[in-house]
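Below is one structure; the comments refer to it alone.
For the numbers below, each heavy atom of this structure counts, side chains included, while hydrogens, waters and symmetry mates do not. In what follows, chains are A, B, ... by sequence order, proteins preceding strands, each numbered from 1. As the structure is a computational prediction, the values presented were derived from the model and not from experiment.
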There are 2 protein chains.
Amino acid sequence: MAEQAPTIYDVAERAGVSVATVSRALNDVESLRAVTRDKVMRAMAELDFVPNNVARGLSRGKNWVLGLAFMHSPVRANEAEVEADSLLYTDIIIRGVEAEAARHGYSLLLCSAGEEHPDGIAPLRNLTQSVDGWIVLDRVLSADEVPEISRRTPLVLMAGAGESDSAYTVRVDNEGGISSLVTHLVEVHGARRFGYMSGLNESPDNVARLRALRDSARRHGVSVDDADIISCDWTSGGAEVQTARWLDRRVDLPDVLVCANDQMAIGAIHAMGAKGLKVPRDIAVTGFDDIPIARYLTPALTTVRQSSSAMGAEAVDVLLAAMAGEPVANTTTLASRLQVRHSCGCRGELDEVAS
Amino acid sequence: MAEQAPTIYDVAERAGVSVATVSRALNDVESLRAVTRDKVMRAMAELDFVPNNVARGLSRGKNWVLGLAFMHSPVRANEAEVEADSLLYTDIIIRGVEAEAARHGYSLLLCSAGEEHPDGIAPLRNLTQSVDGWIVLDRVLSADEVPEISRRTPLVLMAGAGESDSAYTVRVDNEGGISSLVTHLVEVHGARRFGYMSGLNESPDNVARLRALRDSARRHGVSVDDADIISCDWTSGGAEVQTARWLDRRVDLPDVLVCANDQMAIGAIHAMGAKGLKVPRDIAVTGFDDIPIARYLTPALTTVRQSSSAMGAEAVDVLLAAMAGEPVANTTTLASRLQVRHSCGCRGELDEVAS
DNA sequence: CTGAAAGCGCTTACAG
DNA sequence: CTGAAAGCGCTTACAG
């Protein structure tokens with residue numbers, strides 16, 4: 001099972017040339033005579049030779065590998081065990097990054113960090129020479145760790161806390177999305193009181209969305225009561241539990257519960273149903289992300305659409321440009337847009353069978 | 001931005017020792033005197049030295065990297081563009097594999113293959129020396145390519161076509177899951193006629209599930225009419241379209257539509273609703289996977305539960321055991337189990353608001 | 001057009 | 001306990 005792989009030396013010997021020539025054949029160097037090249041190629045085929053990319057990388061100083069570092073999903077098994085297999089935002093980003101990297105000939109090295117990790121960013125630091133550039137998701141690097149990494153390796157921060165002058169940032173326009181959502185809710189549905197279902201507090205996106213909600217509300221002269229800010233963890237299971245508690249606690253509900261992502265909106269709607277509340281009749285609920293099944297829910301979910309895979313692809317593009325020394329904007333903000341369906345109170349062409 | 005990283009030579013010079021000694025300090029070799037070690041450690045800290053893992057790997061013949069190869073999601077943009085961001089099964093497996101690999105100190109190198117890829121498995125072959133072992137998902141390797149890879153690198157096949165005597169296989173028990181599902185539908189709900197919503201035809205899991213459905217049906221003396229086998233692509237959007245066509249075509253519906261995964265069940269239920277059919281009253285629908293939101297759907301989805309992340313973790317365990325030369329079973333089959341909810345016709349404690 | 005040799009950044013017998 | 005040297009598998013000036 002662990003047969004020794006042939007090296008360039010084996011090929012050289014078999015072809016009766018020097019290893020330099022084999023290397024040239026491998027790299028399509030002009031100068032090589034056709035006959036020589038053929039001789040080498042034949043030897044490679046006969047030996048089933050495959051070049052060692054690690055050695056190549058070491059010698060050339062380029063590995064054709066991009067690194068992606070992210071936090072381990074912070075799902076607590078006790079709260080909603082089933083959620084362990086949930087679609088996390090991170091997974092979609094990984095897919096987007098991988099696809100775009102592959103398109104450019106790069107492989108993707110995954111490096112997960114965990115808050116529980118004893119040596120902090122050690123794994124990331126250790127891999128830093130194995131990689132031609134880093135894409136790092138939010139919460140992996142603290143503000144002072146960013147320059148430490150970017151000093152040696154081109155670095156793109158995603159969904160990060162925001163600008164950094166030693167690294168590039170790619171983010172989604174939380175403000176614009178939330179703002180159109182609030183405008184819609186106020187102007188079309190006459191919403192006056194807003195609640196917010198919060199993702200993990202440390203998450204920059206969560207912070208940005210809450211702030212955007214507050215700002216937009218203020219601008220419209222409407223309010224967000226602190227008692228209607230529900231602390232949660234991005235998951236459906238968590239939202240189900242927290243919403244139930246909140247409903248037990250509050251008698252006077254807001255007009256709408258703005259959720260920081262779709263998963264939580266799903267859990268919230270479910271918990272409301274269990275208490276006999278009907279969405280959107282009794283309270284409106286909105287999400288963020290627009291996951292594919294959002295349109296298949298009952299009621300279909302009104303949400304803010306963003307494309308995490310597009311964001312991942314964008315991060316790769318920014319990183320490659322930076323690696324190539326091309327001028328790149330320090331911060332790239334991807335658009336988000338309001339996706340109106342029924343959970344806000346709008347009625348679609350496809351109304352639910354009336355009760 | 002591309003500052004030169006210090007090497008072991010810089011450290012040696014600064015500490016006034018040889019590179020061999022620096023290497024020993026790096027690798028915690030016993031023989032080193034405490035004073036010497038401290039001297040080296042100080043120099044490393046001062047220079048902010050980070051060892052180059054690529055060089056280490058080349059020299060030691062071990063990279064501490066596992067490779068995961070998979071097919072690019074074959075989603076056609078035209079059919080349901082929104083689905084591009086869908087939760088694909090692959091993403092969950094990636095997460096499971098990554099987590100388990102990290103737990104054992106390995107990083108994960110992602111390598112995607114696409115059917116459209118001109119040079120077939122070339123990327124995989126090329127990376128084969130960069131990796132200590134491969135985990136390869138279904139459809140990446142053809143039967144005769146398997147030994148070609150496994151000859152050089154330990155190889156675990158996931159969700160693969162089945163056994164191979166030159167590689168290890170990790171799969172889910174499709175047969176057992178479908179069998180309990182069919183038994184439940186026949187015995188509890190008196191189902192006599194079954195339909196099947198198919199995933200991509202080439203997928204081994206899809207093939208296995210359809211065969212299991214046919215076998216189970218036969219065993220119960222019930223039937224699957226070929227006209228009720230709907231060809232689809234694993235996605236909700238695809239299922240919505242295909243179900244609508246099927247409904248237009250068939251007057252006489254089966255008692256239940258068994259879907260090869262949950263996503264398609266969601267799309268099918270939606271399409272049925274659009275035609276005025278109520279699930280499960282008019283027709284039962286079931287899924288496979290038990291994705292987290294399956295329990296939040298209306299009606300809550302009856303499905304076969306499997307854990308893709310657990311399967312990913314298992315693949316890593318098998319691979320590491322194989323790499324360590326420990327005895328490992330050629331095929332590992334993970335359990336699946338029936339998860340009864342409401343879309344089969346069972347009523348839960350939490351019934352929908354009656355129409 | 002092709003070979004001999006040094007180098008990429010480490011590790012590890014082999015001496016001493 | 002530590003250093004000098006060869007080696008991991010490639011690449012690439014430098015000669016010829």
Side-chain angles (χ1 to χ4, degrees), chain A residues 2 4-41 43-44 47-65 125-132 152-153, chain B residues 2 4-41 43-44 47-65 125-132 152-153:
Chain A
Q4 220 18 43
T7 74
I8 211 180
Y9 287 91
D10 301 312
V11 176
E13 186 177 351
R14 179 162 200 120
V17 297
S18 74
V19 294
T21 298
V22 177
S23 174
R24 289 188 187 105
L26 222 41
N27 294 296
D28 261 332
V29 172
E30 302 277 302
S31 64
L32 222 55
R33 262 194 314 170
V35 263
T36 317
R37 180 189 313 278
D38 289 349
K39 208 164 47 176
V40 174
M41 289 309 200
M44 296 203 299
L47 292 171
D48 193 16
F49 169 79
V50 177
N52 181 327
N53 264 301
V54 170
R56 262 183 148 167
L58 179 60
S59 167
R60 293 225 253 211
K62 162 123 185 169
N63 302 297
W64 291 96
V65 174
R125 277 172 54 93
N126 279 326
L127 288 172
T128 216
Q129 319 239 29
S130 310
V131 138
D132 300 314
R152 301 262 172 85
T153 315
Chain B
Q4 221 14 44
T7 73
I8 212 179
Y9 287 90
D10 302 312
V11 176
E13 185 177 352
R14 180 164 198 118
V17 298
S18 74
V19 294
T21 299
V22 176
S23 174
R24 289 189 186 105
L26 221 41
N27 293 297
D28 262 333
V29 171
E30 302 276 303
S31 64
L32 222 56
R33 262 194 315 172
V35 264
T36 318
R37 179 189 314 277
D38 289 350
K39 210 162 45 177
V40 175
M41 289 308 199
M44 297 203 299
L47 292 172
D48 193 16
F49 169 80
V50 177
N52 182 326
N53 264 301
V54 170
R56 261 182 150 169
L58 179 59
S59 169
R60 292 225 252 212
K62 162 124 184 169
N63 302 299
W64 290 95
V65 174
R125 275 172 55 94
N126 278 327
L127 287 171
T128 216
Q129 320 238 27
S130 310
V131 137
D132 301 314
R152 301 263 172 85
T153 315

The correct set of residues in residues 10-19 of chain A placing a heavy atom under 4.0 Å from DNA chain D is none
Classify the nucleic acid contact of [X] as base, sugar-phosphate or nothing, counting any heavy atom under 4.0 Å across all strands shown.
X	answer
B:Ser23	base
A:Asn53	nothing
A:Ser31	base

CZ (A:Arg37) and CG (A:Leu26) are apart, to the nearest 0.5 Å, by 10.5 Å
Taking for B:Val35 and for B:Arg60 the nucleotide of DNA chain D with the nearest heavy atom, the one nearer the 5' end belongs to B:Val35
Taking C-beta and beyond as the side chain, do [X] and [Y] meet within less than 4.5 Å on heavy atoms?
X	Y	result
A:Val35	A:Lys39	no
B:Asp48	A:Arg125	yes
A:Thr7	A:Asn52	no

Here the side-chain hydrogen bond (donor to acceptor under 3.5 Å, both in side chains) pairs for residues 14-27 of chain B, sequence neighbours left out, are B:Arg14-B:Glu46, B:Ser18-B:Thr21, B:Ser23-B:Asn27, B:Asn27-B:Arg56, B:Asn27-B:Arg60
In the 5' to 3' direction, the nucleotides of DNA chain D bounding the stretch that comes under 4.0 Å of a heavy atom in chain A are D:dG9 to D:dA13
Taking the side chain from A:Asn53 and the backbone from B:Asn126, do they hold a donor-acceptor pair closer than 3.5 Å? yes
Side-chain (B:Asp132) to main-chain (B:Asn63) donor-acceptor, under 3.5 angstrom: yes
The Watson-Crick or G-U wobble partner of D:dT2, with both key distances under 3.5 Å, is C:dA15
Scanning both residues in full, the closest heavy-atom pair of B:Ala15 with B:Val40 reads CB-CA, 4.0 Å
Comparing nearest nucleotides in DNA chain C, the 5'-proximal residue of the pair A:Ala20, A:Glu30 is A:Glu30
